[in-house]
Structures are given as structure tokens and as C-alpha cells.
Amino acid sequence: EKEAGAVPRVGVCVFLVKGKAVLLGRRRSSIGHSTFALPGGHLEFGESFEECGSRELKEETGLDIAQVELLTVTNNLFLEEPKPSHYVTVFMRAVLKDPQQVPQNLEPHKCDGWDWYDWDNLPKPLFWPLEKMVQDGFDPFPIG
Ligand code: 8DG
Ligand code: MG
Ligand code: MG
């Protein structure tokens with residue numbers, strides 16, 4: 001069912017990689033509530049994907065990231081939600097600028113907290129756009 005006036009939006013999220021681990025947090029937002037997701041948010045007018053990824057990481061975790069690069073894009077329909085939405089989600093990869101820096105939970109109304117999870121031992125349940133990528137065999141790590 002189409003919502004009158006609804007439009008697709010652009011989400012940008014980041015596989016922040018550290019060794020074989022990625023940074024995830026359990027969502028408190030209505031879409032994907034209680035599921036583990038990547039840090040990220042909405043692309044703002046005039047932003048590059050890299051700028052958006054860096055800004056969202058800073059806002060949500062306090063972390064400064066480097067080597068921000070585009071990995072892939074997926075099309076995600078959330079039609080079962082109270083407010084049906086459609087996201088074109090851009091997935092970036094990055095590393096910590098300072099490997100010693102520790103994530104902070106700067107938006108506790110949106111996330112239960114950030115932690116590093118081994119790619120081979122991911123928490124459950126994952127936010128379904130991420131779960132779908134994992135099931136499809138997607139690998140966010142650089143080769144070699
Ligand atoms: P903002 O006000 O900070 O811009 O937004 P936000 O509250 O941080 O937005 P978000 O929900 O965290 O991210 C925007 C959308 O991106 C989200 O509603 C759906 C889409 N999205 C995915 N997968 C993921 C993911 O793994 N993490 C995040 N954060 N968003 C994702 O499709
Ligand atoms: Mg955000
Ligand atoms: Mg967010």
C-alpha cells in the first residue's frame with residue numbers, strides 16, 4: 001500500500017571495521033527496534049556519502065573515522081512499520097582514525113550502546129537489511 005506523499009529516503013551506514021570485528025548497536029528507534037545495526041543515519045542535503053558516514057559516526061558514537069569508502073547499496077522496504085518507509089541504504093566501510101578511541105553512546109534514546117562484534121560471531125537478531133546481506137554472503141572486510 002502506497003502512502004500518500006511518502007518518498008524513498010537515503011540512509012548511509014558504516015561498517016566500522018577493526019581486525020575481524022565491526023561496531024554494532026541495538027536499536028531503540030521504531031524501525032528495527034531491539035535489533036543490532038550499524039551506526040548511520042539520513043543523508044542530508046548537499047552531503048557526500050563519506051561526509052554523511054563521518055558525521056553520523058561522530059554524532060552517534062563520538063568516533064573519528066578514516067578511509068571511508070563505498071561498499072554497496074541496497075533497496076529496503078519497511079512496509080509493515082506503523083509508518084511505512086522506503087530506504088535506499090548506502091553501506092560504507094571505514095576504520096578508526098585513532099585505534100585507541102572508544103565508542104560512546106551519544107544518542108541513548110536511539111541505541112542501547114555500541115560494541116565490537118566478531119564477524120564470525122554476530123549478535124542476534126540483526127537489523128534485517130544487515131541480516132539479509134550476511135545471509136547473502138556479503139563480506140565487508142578488505143581483501144588480504
Ligand atoms: P538521523 O536523524 O541521525 O539522520 O537519523 P538516524 O535516526 O540516525 O537514522 P537511522 O534509522 O539510524 O538510519 C537511517 C535509515 O537507514 C534506517 O532507518 C534504515 C536504513 N538502514 C538500513 N540498514 C541500517 C543499519 O544497519 N544501520 C542504520 N543506522 N541504518 C540502516 O537499511
Ligand atoms: Mg543519526
Ligand atoms: Mg542512526
Side-chain angles (χ1 to χ4, degrees), residues 3 6-144:
E3 286 287 299
V7 294
R9 299 219 275 167
V10 180
V12 175
C13 47
V14 179
F15 286 95
L16 183 60
V17 303
K18 183 172 153 179
K20 269 288 164 188
V22 295
L23 190 75
L24 298 174
R26 200 196 281 262
R27 290 173 66 83
R28 300 193 62 84
S29 316
S30 62
I31 296 182
H33 192 277
S34 295
T35 64
F36 289 87
L38 302 166
H42 298 92
L43 186 70
E44 292 183 357
F45 187 91
E47 265 184 336
S48 69
F49 299 150
E50 291 80 2
E51 286 166 345
C52 181
S54 298
R55 177 182 54 75
E56 285 289 341
L57 258 290
K58 192 72 182 171
E59 289 175 359
E60 298 185 351
T61 70
L63 297 171
D64 298 303
I65 61 176
Q67 296 173 42
V68 191
E69 49 186 314
L70 175 66
L71 291 184
T72 192
V73 178
T74 64
N75 191 43
N76 300 295
L77 302 177
F78 302 90
L79 300 179
E80 311 304 314
E81 299 292 329
K83 183 174 174 281
S85 0
H86 177 179
Y87 281 95
V88 172
T89 310
V90 177
F91 291 87
M92 311 298 285
R93 174 176 61 217
V95 298
L96 286 170
K97 200 173 273 176
D98 166 11
Q100 309 294 340
Q101 204 186 353
V102 170
Q104 298 166 261
N105 191 19
L106 297 182
E107 296 180 342
H109 55 296
K110 288 190 180 179
C111 178
D112 282 343
W114 300 106
D115 214 339
W116 300 99
Y117 294 92
D118 245 323
W119 188 250
D120 297 327
N121 191 20
L122 292 170
K124 288 183 179 68
L126 294 174
F127 190 25
W128 71 256
L130 183 57
E131 174 65 26
K132 196 160 49 119
M133 292 170 87
V134 171
Q135 282 183 12
D136 289 348
F138 183 79
D139 181 355
F141 293 91
I143 301 162

Does the pair E131/K124 count as a salt bridge with the N-to-O cut at 4.0 Å?
-> no
Does a sphere of radius 6.0 Å around CD in E69 hold more than 12 heavy atoms from other residues, nucleotides or ligands, not counting ones at 6.0 Å or beyond?
-> yes
Mark yes or no for whether D98, through its side chain, and Q100, through its backbone, hold a donor-acceptor pair below 3.5 Å.
-> yes
Distance under 6.0 Å and angle within 45° of ring axis: R27 vs F36 | no
For G62, does its backbone N or O pair with a side-chain atom of Q101 as donor and acceptor, under 3.5 Å?
-> yes
Mark yes or no for whether D139, through its side chain, and F141, through its backbone, hold a donor-acceptor pair below 3.5 Å.
-> yes
R93 (side chain) donor-acceptor with L71 (main chain) under 3.5 angstrom = no
Answer yes or no: is there an ion pair linking E60 with K110, defined by an N-O contact shorter than 4.0 Å?
-> no
Examine F78 together with F127 and report whether their ring centres are nearer than 6.0 Å.
-> yes
Verdict with reasoning, D64 to K58, per salt bridge (charged side-chain N to carboxylate O under 4.0 Å, His left out) = CA-CA 6 Å; D64 298 303; K58 192 72 182 171; 3.0 Å; yes
Work out which heavy atom in C111 is nearest to a heavy atom in G25; give both atom names and the distance.
-> SG-CA, 3.8 Å
Is there side-chain contact between Y87 and P8, with at least one heavy-atom pair below 4.5 Å?
-> no
Looking at E51 and R55, does any basic side-chain N land under 4.0 Å from a carboxylate oxygen?
-> no
Heavy-atom pair with the smallest gap, counting every atom of S48 and L43 | O-CD1, 3.9 Å
Can you list the steps and then say if F91 with M133 is a side chain to side chain contact (heavy atoms under 4.5 Å, CB included)?
-> CA-CA 11 Å; F91 291 87; M133 292 170 87; 3.5 Å; yes
Inspect the contact between D112 and R28 and indicate whether a charged nitrogen and a carboxylate oxygen are less than 4.0 angstrom apart.
-> yes
